[in-house]
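In what follows, a single structure is set out as structure tokens and then discussed.
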Amino acid sequence: MTGGPLREREPAGFDTFHSLDAKEPSLTTPTTAKKVPITVAHGDGIGPEIMDATLRIILAAGAQLDIEEIAIGESVYNRGLQSGIEPASWESLRRTKVFLKAPITTPQGGGFKSLNVTVRKTLGMYANVRPCASLHPFVATKHPNMDIVIVRENEEDVYGGIEHRQTNQVAQCLKLISRPGSKRIVRYAFEYARANKRKKVTCFTKDNIMKITDGLFHRTFEEIAKEYPEIESEHWIVDIGAAKMADTPEAFDVIVMPNLYGDVLSDVAAQITGSVGLAGSANIGDHCSMFEAIHGSAPRRAGQNLANPSGLLHGAILMLVHIGQSKTAEAVHNAWLKTIEDGIHTYDIYTEGVSKQKVGTREFADAVIARLGKRPSQLKPVEYAEDAVMNLAIRPAGKPPMKVRVGVDIFIDRRDGNPDHIAELMQKFNVPGTKLTVIANRGTKVWPNGNPDTYWSDHWSCRFEGDGDGLFTQEHVVKLLEVAAKAGFDVVKTEGLFTFNGERGYSLAQGQ
Ligand code: NAD
């Protein structure tokens with residue numbers, strides 16, 4: 001077995017990615033010469049109202065769009081389709097490759113899959129980009145100088161949704177982090193920073209605990225950061241990083257994170273700018289991209305002409321940049337800033353003494369349209385380069401490492417188990433070329449030399465490794481399972497133990 005701290009060496013294995021020229025037009029970035037086909041879904045709850053307002057604004061600003069409409073969400077779920085989207089809608093998405101989506105209501109419980117996760121993963125939208133900027137003094141916030149962009153990995157981590165209940169007491173969710181996935185999102189974050197003249201990229205992980213998964217993400221970050229010497233880079237452990245972001249967001253610029261941390265913290269970031277109703281997001285893939293508000297369908301506000309359309313409008317602004325209509329995006333964004341600055345506010349950001357007029361969704365849209373061509377005078381106007389892109393065209397490359405099987409973890413379900421007794425039985429397995437090296441319970445070593453204070457659940461991980469003579473093969477695994485079954489063990493799963501170019505690809509048990 002090869003051990004040792006992973007950090008000290010080059011990451012062994014995994015696939016690698018390289019970047020194409022960031023300015024190279026993406027496969028999906030059409031010219032502004034003709035109308036660009038996009039797919040639009042009006043969604044549920046407040047969705048239809050904010051979509052109507054958003055489309056009115058961007059079309060009034062001159063967006064050249066050829067709109068295909070599809071139905072998603074409640075109406076589709078209610079027809080028994082658990083994915084919330086009809087097969088024909090996929091054809092539209094594959095054809096247009098651009099999706100402007102209003103929020104939908106996800107039915108509670110019972111087998112329904114999140115449509116967002118399904119669409120993002122099915123269409124390979126690996127990057128989720130959420131700009132969050134405060135609008136001080138026009139929208140109340142504790143953070144007047146906040147202007148950050150969260151770049152969240154969008155396909156991996158625990159969002160594979162691969163979960164199993166393995167014993168009466170223990171359930172698991174697989175956290176999958178890949179080298180190509182990490183390289184792609186980290187490079188995206190640096191390319192985004194470079195393209196948008198941002199000065200710093202920060203990475204949040206929890207690799208003091210998850211040394212292999214988050215460690216891979218962090219290491220990839222350190223490696224790629226070297227290719228962008230003009231951009232400052234730093235890493236924070238996610239817990240203290242999150243606390244710092246909530247307290248002093250002006251200390252950050254672009255923050256790149258694995259999926260789960262990004263999901264949680266991008267909502268925090270949006271909320272502390274003043275309202276979750278303000279932020280939009282882009283989900284970027286090599287071929288298809290989706291643009292939306294970050295909030296949900298707010299059913300309690302539906303049908304009352306109350307909702308703030310700003311979040312979806314921001315999604316649409318990012319979409320206009322993506323499809324090569326960045327000057328239209330700029331006009332919309334500046335008109336929106338001017339509207340906010342003029343104190344014309346929906347209920348969620350209306351503050352007595354600061355706001356001038358409380359308006360509904362429709363009237364807010366009318367006010368933005370009336371200000372097209374104007375720029376804010378106190379808030380900083382935005383500028384989008386003519387050739388700005390959202391798809392930063394990053395493609396895979398590289399050669400695979402040398403992978404060697406060195407053992408297996410056999411997980412068993414055993415109530416009232418005792419590690420010494422389990423070890424005694426397993427040491428009698430007598431499969432030549434293998435030896436039992438450690439038993440762990442929920443990741444903590446309990447044999448050999450376990451601590452009597454450790455709590456034992458019914459979920460035991462028993463590690464067999466080679467005995468030093470020859471290779472550890474799949475046949476060894478099969479043989480061990482056969483003997484385990486004969487000995488009456490209830491095997492609930494196995495995990496292969498591998499090294500990659502000699503580097504250990506599995507964790508040691510706590511205390512091992
Ligand atoms: P939500 O974001 O829909 O609403 C929470 C609260 O935030 C609302 O009650 C409202 O007070 C406020 N709010 C949200 N958007 C607003 C806006 N544009 N203008 C003014 N106020 C706004 O969260 P929820 O109530 O937890 O979820 C409702 C439904 O939305 C659920 O079915 C959930 O699954 C779904 N959802 C969908 C998406 C999506 O489609 N992208 C995202 C999140 C939640």
Worksheet item: Does the salt bridge (charged side-chain N to carboxylate O under 4.0 Å, His left out) test come out yes or no for Lys200 and Glu234, once each step is laid out?
Response: CA-CA 8 Å; Lys200 184 166 79 171; Glu234 62 177 10; 3.2 Å; yes
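- The shortest heavy-atom contact between Pro249 and His143 is CD-ND1, 3.2 Å.
- For the pair Thr122 (side chain) and Val119 (backbone), a donor-acceptor distance under 3.5 Å is absent.
- You'll find the side chain of Met290 stays beyond 4.5 Å of the side chain of Leu123, heavy atoms only.
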Worksheet item: Where do Lys199 and Glu230 land on the salt bridge (charged side-chain N to carboxylate O under 4.0 Å, His left out) test, with the steps shown first?
Response: CA-CA 8 Å; Lys199 298 199 165 39; Glu230 80 282 14; over 6 Å; no
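- For the 3.5 Å distance criterion, the side chains of Thr346 and Asn308 qualify, holding a donor opposite an acceptor.
- Side-chain atoms of Glu341 come within 3.5 Å of backbone N or O of Ser377 as a donor-acceptor pair.
- Test Leu55, Val332, Leu278, Ile50 against Leu313 for side-chain contact (heavy atoms from CB on, under 4.5 Å) and you get one pass: Val332.
- Side chain to side chain, Tyr455 and Arg442 fail the donor-acceptor criterion of an N or O pair below 3.5 Å.
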Practice prompt. Any chance you could lay out the salt bridge (charged side-chain N to carboxylate O under 4.0 Å, His left out) test for Glu227 and Arg187, step after step, and finish with the verdict?
Written response: CA-CA 9 Å; Glu227 295 174 36; Arg187 194 175 289 290; 2.9 Å; yes
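- We find the CG-CE distance between Asn116 and Met125 to be 10.0 Å, quoted to the nearest 0.5 Å.
- Judged by distance alone, with hydrogens and angles left aside, the side-chain atoms of Gln64 form a donor-acceptor pair with the main-chain N or O of Gly62 at under 3.5 Å.
- Side chain of Ser355 to main chain of Gln357: no donor-acceptor pair is present (N/O by atom type, distance under 3.5 Å, no hydrogens or angles).
- Defined by atom type and a distance below 3.5 Å, a donor-acceptor pair is present between the side-chain atoms of Ser92 and Thr39.
- Smallest separation of non-hydrogen atoms from Ala329 and Val321: CB-CG2, 3.8 Å.
- In this model, a donor atom of one side chain and an acceptor atom of the other lie less than 3.5 Å apart for Asn305 and Glu363.
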Practice prompt. Start with the C-alpha distance between His295 and Asp267, add both sets of side-chain angles, then the distance that settles side chain to side chain contact (heavy atoms under 4.5 Å, CB included), and finish with yes or no.
Written response: CA-CA 8 Å; His295 58 75; Asp267 270 24; over 6 Å; no
Worksheet entry | Verdict with supporting geometry, Val36 and Gln325, side chain to side chain contact (heavy atoms under 4.5 Å, CB included) | CA-CA 10 Å; Val36 175; Gln325 302 184 15; 3.5 Å; yes
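- In plain terms, the two heavy atoms of Ser233 and Phe221 that are nearest each other are CB-CZ, 3.8 Å.
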Worksheet entry | Verdict with supporting geometry, Ile294 and Val276, side chain to side chain contact (heavy atoms under 4.5 Å, CB included) | CA-CA 7 Å; Ile294 75 156; Val276 78; 3.8 Å; yes
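- Interatomic distance, OG1 of Thr105 versus CD of Glu74, reported as 4.5 Å (0.5 Å rounding).
- A side-chain donor from one of Thr205 and His235 sits under 3.5 Å from a side-chain acceptor of the other.
- Considering every non-hydrogen atom in both His42 and Met51, the closest pair reads ND1-CG, 3.5 Å.
- Between His333 and His314, the gap from one ring centroid to the other is short of 6.0 Å.
- No cation-pi contact links Arg184 to Phe217, judged by a cut-off of 6.0 Å to the six-membered ring centre and 45° from its axis.
- Residues Thr273 and Ser134 bring no donor and acceptor atom of their side chains to less than 3.5 Å of each other.
- In this structure, Asn196 contributes its side chain and Tyr192 its backbone to a donor-acceptor pair below 3.5 Å.
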Worksheet item: What do the steps show when you test Tyr228 against Phe190 for ring pair (Phe, Tyr, Trp, His ring centres under 6.0 Å), and what is the final call?
Response: CA-CA 7 Å; Tyr228 299 84; Phe190 278 99; 5.0 Å; yes
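- One N or O on the side chain of Ser178 and one on the backbone of Gly181 form a donor-acceptor pair closer than 3.5 Å.
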Item to complete: Could you give me the CA-CA distance, side-chain angles and deciding distance for Arg120 and Thr118, then say whether side chain to side chain contact (heavy atoms under 4.5 Å, CB included) is met?
Response: CA-CA 6 Å; Arg120 285 170 190 161; Thr118 304; over 6 Å; no
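- In summary, the side chains of Asp44 and Ser297 do not present any donor paired with an acceptor at a separation below 3.5 Å, with no hydrogens or angles considered.
- A distance of 9.5 Å separates OG of Ser89 from CG of Leu81, quoted to the nearest 0.5 Å.
- More than 12 heavy atoms of other residues, nucleotides or ligands lie within 6.0 Å of CZ in Arg95, so this atom counts as buried by the packing criterion.
- Of the inter-residue distances, the one linking Met257 atom CE with Met245 atom CE reads 6.0 Å to the nearest 0.5 angstrom.
- For the residue pair His459 and Gln166, a side-chain donor N or O sits within less than 3.5 Å of a side-chain acceptor on the partner.
- A donor-acceptor distance shorter than 3.5 angstrom exists from the side chain of Glu330 to the backbone of Tyr384, with no hydrogens or angles considered.
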Practice prompt. Would you sort out whether Asp342 and Arg371 count as a salt bridge (charged side-chain N to carboxylate O under 4.0 Å, His left out), showing the intermediate values?
Written response: CA-CA 10 Å; Asp342 286 347; Arg371 285 163 180 77; 2.7 Å; yes
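- Between Arg375 and Val382 the shortest heavy-atom distance is NH1-O, 4.3 Å.
- Taking the side chain as every heavy atom from C-beta outward, Ile58 and Leu65 approach each other to under 4.5 Å.
- Crowding of Arg300 atom CZ: a count of heavy atoms from other residues, nucleotides or ligands under 6.0 Å not exceeding 12.
- Tested against Asp147 for a salt bridge (charged side-chain N to carboxylate O under 4.0 Å, His left out), the candidates Arg198, Lys197, Lys380 yield a single pass: Arg198.
- For the residue pair Asp157/Tyr261, the side-chain donor-acceptor check at 3.5 Å is not satisfied.
- Atom CD1 of Ile38 sits about 10.0 Å away from atom CZ of Phe99, to the nearest 0.5 Å.
- The backbone N or O of Glu250 lies less than 3.5 Å from no partner atom in the side chain of Thr248, so there is not a single donor-acceptor pair.
- Looking at Glu153, its side chain does come within 3.5 Å of a backbone N or O of Glu155 through a donor-acceptor pair.
- Under the 30°/60° scheme for interplanar angles, the aromatic rings of Phe252 and Trp236 are found to stand perpendicular.
- Rounded to the nearest 0.5 Å, atoms CD (Gln378) and NE2 (His136) are 10.0 Å apart.
- Looking at Asn128, its side chain never comes within 3.5 Å of a backbone N or O of Arg152 through a donor-acceptor pair.
- With 3.5 Å as the limit, one finds a donor-acceptor pair spanning the side chains of Asn154 and Asn283.
- For the side-chain contact (heavy atoms from CB on, under 4.5 Å) test with Ile349, the passing option among Thr141, Ile340, Leu135 is Ile340; the others fail.
- Here the closest heavy-atom approach between residue Ser457 and residue Gln169 is recorded as CA-OE1, 3.3 Å.
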